[in-house]
Amino acid sequence: TDRGARTLLVDGPLGAVGRHLVQLAAAAGVAVVGVVRPEQEVELLALGAVLAVPRGEPTPALRRHHPGGVDAAVDLVGGTTARSALDAVRDGGRYVTAVPPFIDPSGPFADERGIAVEVLTVHPDQAELTALLELAATGALHTAIAETHPLERAARAQRRQAEGGLTGRVMIVP
């Protein structure tokens, strides 16, 4: 919201990172649109999103509600859906990806239509992490556990996380 984003498209809103992004953006007053399968719509809306658009080709459904496009999009999936997320952003908006090098078969994305294209980078920030922990402790920020694995299968858990397609965190337990 620091750059005036009032609408945000999240591609991958039910993954571990996406869930937090949806909740935090909605709490900040941003109208969140998530790209999900039809059977995931209720779960997405429960996190605070205002609209679910179908996976595959979300742009037509999104444009019915936001004809000029959304102010910003965050792509947490990459691949072929990355282009749809970029296409859904209004001229002069922002596109952020967590899936470098943010390419699809047409090649790397570049700034186009005045849209700033950025790769999400993570930097440790004790104050921000403390604030997130406080939100989690009070129940204002929810985390979903997709799978649990015993400690002796930590390597397997890491491989599973790398495969993707999860709707929550992989947890290793003693």
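The chain is numbered in sequence order, starting from 1.
Closest heavy-atom contact between L51 and L44: O-CD2, 3.7 Å. Closest of all the heavy-atom pairs between A73 and V89 is CB-CG2, 3.5 Å. For the pair P13 and V22, the tightest heavy-atom approach, listed with the atom from each and the gap, is CB-CG2, 3.7 Å. Between G12 and L76, the closest heavy-atom pair is O-CD1, 3.7 Å. Here the shortest heavy-atom pairing between A25 and L8 reads CB-CD2, 3.9 Å. Between H65 and A61, the shortest heavy-atom contact is CD2-O, 3.3 Å.
L151 and M171 are members of different hydrophobic clusters when ILVMFWY side chains are connected at heavy-atom separations under 4.5 Å. Linking ILVMFWY residues whenever their side-chain heavy atoms come closer than 4.5 Å, directly or via other members, leaves I172 and I145 in distinct clusters. Both L47 and V17 belong to a common hydrophobic cluster when Ile, Leu, Val, Met, Phe, Trp and Tyr are linked at side-chain heavy-atom distances under 4.5 angstrom. A continuous path of hydrophobic side-chain contacts links L14 to L21 [ILVMFWY only; heavy atoms under 4.5 Å].
Taken from NE2 in H142 to NE2 in H20, the straight-line distance is 9.5 Å, to the nearest 0.5 Å. If you take CD1 on I115 and CZ on R90, they are separated by 9.0 Å, rounding to the nearest 0.5 Å. Atom CG of L120 sits about 8.0 Å away from atom OG1 of T97, to the nearest 0.5 Å. To the nearest 0.5 Å, atom CG of residue D75 and atom CG of residue L86 are 9.5 Å apart. To the nearest 0.5 Å, atoms CZ (R6) and NE2 (H66) are separated by 12.5 Å. Taking CG from D87 and CG from L9, the interatomic distance works out to 11.0 Å, rounded to the nearest 0.5 Å.
E163 meets the salt bridge (Lys or Arg N to Asp or Glu O under 4.0 Å) test with R160; sequence neighbours excluded. Residues satisfying the side chain to side chain contact (heavy atoms under 4.5 Å, CB included) criterion with Q158, sequence neighbours excluded, are absent altogether. Scanning for side chain to side chain contact (heavy atoms under 4.5 Å, CB included) contacts around R63 gives T59, with sequence neighbours left out.
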Please table the atom pairs, donor to acceptor, closer than 3.5 Å between any side-chain atom in residues 123-131 and protein atoms at least two apart or in another chain.
from	atom 1	to	atom 2	distance (Å)
H123	NE2	T121	OG1	3.3
D125	OD1	A127	N	3.1
D125	OD1	E128	N	3.0
T130	OG1	Q126	O	2.8

Would you tabulate the side-chain donor-acceptor contacts of residues 134-141 under 3.5 Å, counting partners in other chains and residues two or more places apart, or write 'none'?
from	atom 1	to	atom 2	distance (Å)
T138	OG1	E134	O	3.3
T138	OG1	L135	O	3.0

Considering only distance and modelled atom types, tabulate donor-acceptor pairs under 3.5 Å from the side chains of residues 28-40, sequence neighbours left out.
from	atom 1	to	atom 2	distance (Å)
R37	NE	E39	OE2	2.9
Q40	OE1	R37	N	3.0

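For R113, the CZ atom counts as densely surrounded, since its 6.0 Å shell holds more than 12 non-hydrogen atoms of other residues, nucleotides or ligands.
Judged by distance alone, the side chain of Q161 and the main-chain N or O of A157 form no donor-acceptor pair under 3.5 Å. Without hydrogens or angle criteria, D71 side chain to T7 main chain gives a donor-acceptor distance under 3.5 Å. Put simply, the side chain of E118 never gets that close to the backbone of R94: no donor and acceptor are under 3.5 Å apart.
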Query raised in the report: Are R19 and E43 close enough, and set up right, to give a salt bridge (charged side-chain N to carboxylate O under 4.0 Å, His left out), and what steps lead you there?
Result: CA-CA 10 Å; R19 285 175 182 278; E43 185 177 5; 2.3 Å; yes
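Between R55 and V77 the shortest side-chain heavy-atom distance falls below 4.5 Å.
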